[in-house]
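Comments concern the structure below.
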Amino acid sequence: MIVYLDVIWALNLLFDSLLLYLTAIFLKRRIRLWRLLAGGFIGSLIILLSFTPLNVYSSHPISKLICSVVMVLIAFGYKRLTFFLKALMTLYVSTFLIGGALMGAHYFIQYDPMLTTKVLMSSVKGFGDPISWLFVLLGFPVAWHFARKNVESMEMTKIQFEQIVCVRLNIEGESMTFKGLVDSGNQLYDPLSKLPVMFVSIKNQLEAIPESIRKLAEDPEPLIMGSQEFPNEWQNRLRIVPCRVVGKENQLIVAVKPDFILIEQNGAQYLCEKGLVSFTLQQLSADDAFQCIVHPKMLTGPKQQGGSAKVS
């Protein structure tokens, strides 16, 4: 029998890469092509090792688990344990779904009289292999729980993704773009002007942020206490807003009034000319799914159609 190892390896590289891409689709995560192919390449190495003396080790379940872990780390990176485990579990769910679909389709269109005879004889003589039955009895509840939890997790990701909007801020000629989460729990207003307040994290964009905003986010305390003054062009933009957070009854934050806020959601754009923005260095999303928390009232501004403000 002739084995075309290069063809088998190429097919596995393609399928492993597609499984990683399907995982990224389920989790609504962006993924670079080179990371996708690099992760698929790691997965395809098991096929190459199967034709070497290392086959004894590469075919072991622990080796396959380690290979899956490396694939996920290369494709998605590591930000926190739950971020990593969600990607790993979703990769396995994707693999089982695709594998089950291919196997079901294969046996649906194939008819093997010998296989049918063997199944019938097994049914007549007894219940089949008791180890297989034990595996099914023990594995089915685990698989059901595993699939249900991951589907619920994917649904929560989908719900959150539908609330993600593109936010563009314009301040003193500077334009900044962020991904924002519309949060109905954010009901913070400036008590004097009644303007809604949006929270924006600039932790991962410090180099692209103007120096005045960066200083404001790093240490707002001197400005609140009056020991530091900002440039004159910023004086009319700054607001001191009291707010309540968990664990603290009263707290003061510094907010800035931008020239305008443009929010894009589902192809429509909303222009908010009356709103405040509070900049912070604190990361608002553990997996960096969004960088700002949008006040729902900001989506009640004039609705516009047309251009798109894309987030990198």
Side-chain angles (χ1 to χ4, degrees), residues 26-30 79-80 82-83 86 152-171 175-206 209 213 216-217 220 237-304 308-312:
F26 281 153
L27 294 175
K28 303 294 187 299
R29 293 180 186 174
R30 294 188 176 185
K79 294 186 177 180
R80 52 184 273 174
T82 54
F83 179 90
K86 184 184 291 187
E152 290 176 355
S153 176
M154 286 186 286
E155 285 298 317
M156 290 301 297
T157 302
K158 179 176 180 293
I159 292 173
Q160 186 186 78
F161 180 79
E162 291 174 347
Q163 297 299 317
I164 296 294
V165 296
C166 179
V167 179
R168 191 173 71 197
L169 305 176
N170 192 288
I171 306 176
S175 182
M176 296 164 283
T177 306
F178 305 91
K179 284 188 293 184
L181 174 68
V182 181
D183 184 9
S184 58
N186 177 16
Q187 295 296 324
L188 181 62
Y189 292 88
D190 176 20
L192 298 178
S193 61
K194 303 301 181 183
L195 296 180
V197 180
M198 172 195 300
F199 293 92
V200 175
S201 171
I202 60 172
K203 181 177 181 180
N204 297 325
Q205 300 188 33
L206 290 177
I209 299 299
I213 295 179
L216 184 64
R237 296 182 179 274
L238 298 178
R239 304 286 190 278
I240 306 298
V241 181
C243 69
R244 293 182 180 180
V245 296
V246 177
K248 294 183 179 180
E249 194 64 26
N250 292 304
Q251 185 178 2
L252 296 177
I253 62 172
V254 178
V256 178
K257 186 179 186 305
D259 296 323
F260 65 83
I261 303 172
L262 190 63
I263 303 174
E264 182 181 343
Q265 183 183 46
N266 299 326
Q269 293 184 343
Y270 300 87
L271 181 62
C272 177
E273 297 180 301
K274 296 181 179 180
L276 300 176
V277 179
S278 177
F279 294 96
T280 178
L281 290 182
Q282 181 181 356
Q283 189 166 343
L284 301 178
S285 170
D287 53 5
D288 201 29
F290 55 90
Q291 295 88 40
C292 57
I293 298 178
V294 181
H295 196 292
K297 190 177 180 181
M298 292 181 174
L299 292 173
T300 60
K303 189 174 181 180
Q304 302 178 344
S308 170
K310 296 182 179 180
V311 180
S312 59

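Within the 4.5 Å cutoff, side-chain heavy atoms of P242 are placed close to those of P191. Side-chain atoms of R168 and S175, non-hydrogen and from C-beta on, do get closer than 4.5 Å to each other. The closest side-chain heavy-atom distance from V200 to T280 is not below 4.5 Å.
Remark: E264 CD to Y270 OH distance equals 10.5 Å, nearest 0.5 Å. One finds the CG atom of L27 at 4.5 Å from the CZ atom of R29 (value rounded to the nearest 0.5 Å). Going from atom CG of L284 over to atom CD of Q291 covers 8.5 Å, rounded to the nearest 0.5 Å. Separation of atoms CG (L299) and NZ (K297) is listed at 12.5 Å; rounding is to 0.5 Å. Atom CG in L169 sits 9.5 Å away from atom CG in L262 (nearest 0.5 Å). Taking CZ from R239 and OG from S193, the interatomic distance works out to 6.0 Å, rounded to the nearest 0.5 Å.
A salt bridge between D190 and K257 is absent, with no side-chain N of the basic residue lying under 4.0 Å from a carboxylate O of the acidic one.
Annotation: side chain to side chain contact (heavy atoms under 4.5 Å, CB included) contacts of T82 (sequence neighbours excluded): R80. In this structure, the side chain to side chain contact (heavy atoms under 4.5 Å, CB included) partners of K274, at least two apart in sequence or on a different chain, are L195. Residues meeting the side chain to side chain contact (heavy atoms under 4.5 Å, CB included) test with C272, sequence neighbours left out: I261, M298.
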>> Is there a side-chain contact (heavy atoms from CB on, under 4.5 Å) between L276 and V241? Walk through the geometry before answering.
In response: CA-CA 10 Å; L276 300 176; V241 181; 4.3 Å; yes
>> For a side-chain contact (heavy atoms from CB on, under 4.5 Å) check, start with the C-alpha distance between L188 and I253, then their side-chain angles and the critical distance, and finish with the verdict.
In response: CA-CA 11 Å; L188 181 62; I253 62 172; 3.8 Å; yes
>> Run the ring pair (Phe, Tyr, Trp, His ring centres under 6.0 Å) test on H295 and Y189 for me, step by step, so that the C-alpha distance in whole Å, both residues' side-chain angles and the decisive distance to 0.1 Å come before the verdict.
In response: CA-CA 9 Å; H295 196 292; Y189 292 88; 4.7 Å; yes
>> Evaluate V256 against L238 for side-chain contact (heavy atoms from CB on, under 4.5 Å), listing each step before the verdict.
In response: CA-CA 5 Å; V256 178; L238 298 178; 3.8 Å; yes
> After noting the C-alpha distance and the side-chain angles of V277 and V197, does the key distance pass the side-chain contact (heavy atoms from CB on, under 4.5 Å) rule?
Replying inline: CA-CA 6 Å; V277 179; V197 180; over 6 Å; no
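Not one N or O on the side chain of S278 forms a donor-acceptor pair closer than 3.5 Å with the backbone of A255.
Shortest non-hydrogen contact noted between K203 and L281 is CB-O, 3.4 Å.
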